[in-house]
Peer 1: 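Take this structure, written in structure tokens, and hold onto it; I'll ask about it next.
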Amino acid sequence: MQNVTNVPGPQVPTSTNNPKLDAKNRETAKNFEAVFLGQMTQLMLESVQQGDGEFSGGHGEEMFRGIMAEKLGNSIAERGGIGLAPVVLDQIIKLQGGNK
């Protein structure tokens, strides 16, 4: 069975031929994806019913759930994300009037 935790997803292009593909634009696209994934993770975590059993985190879990969602979003984006960053980068380039 393949270990899926080490399989990279779609990556933001790193071409240096185009000045519009600079590190700032790539980082902006990756950060956008990380925030998006964090928000999606937050919504998913909120939809899970919390129990009062042995595995409940209690009040501490409620307090840090947002931070956990943010960190999960950053981690997912860092490992390649869901392919949103390259699309966002394309849109950044179009808005700046450049070509890929």
Peer 1: Roughly how far, to the nearest 0.5 Å, is CD1 of I93 from CG of D22?
Peer 2: 9.0 Å
Peer 1: Looking only at atom types and distance, does a side-chain atom of E33 sit under 3.5 Å from a main-chain N or O of L84, one as donor and one as acceptor?
Peer 2: yes
Peer 1: Kindly list each side-chain donor-acceptor pair under 3.5 angstrom involving residues 37-47, sequence neighbours excluded, with atom names and distances?
Peer 2:
unit_1	atom_1	unit_2	atom_2	d
T41	OG1	L37	O	2.7
Q42	NE2	E46	OE2	2.8
S47	OG	M44	O	2.7

Peer 1: What I'd like to find out is whether the side chain of I82 reaches to under 4.5 Å of the side chain of F36, using heavy atoms alone.
Peer 2: yes
Peer 1: Report the hydrophobic cluster partners of V35, with the cluster defined as I, L, V, M, F, W, Y residues connected by side-chain heavy atoms closer than 4.5 angstrom, directly or transitively.
Peer 2: none
Peer 1: May I have all residue pairs that pass side chain to side chain donor-acceptor pair (under 3.5 Å) and include part of residues 66-75, sequence neighbours excluded?
Peer 2: none
Peer 1: Taking all non-hydrogen atoms of both residues into account, name the closest pair between A85 and A29 and its distance.
Peer 2: O-CB, 3.4 Å
Peer 1: Find the distance between CD1 (I67) and CG (L72) and round it off to the nearest 0.5 Å.
Peer 2: 12.0 Å
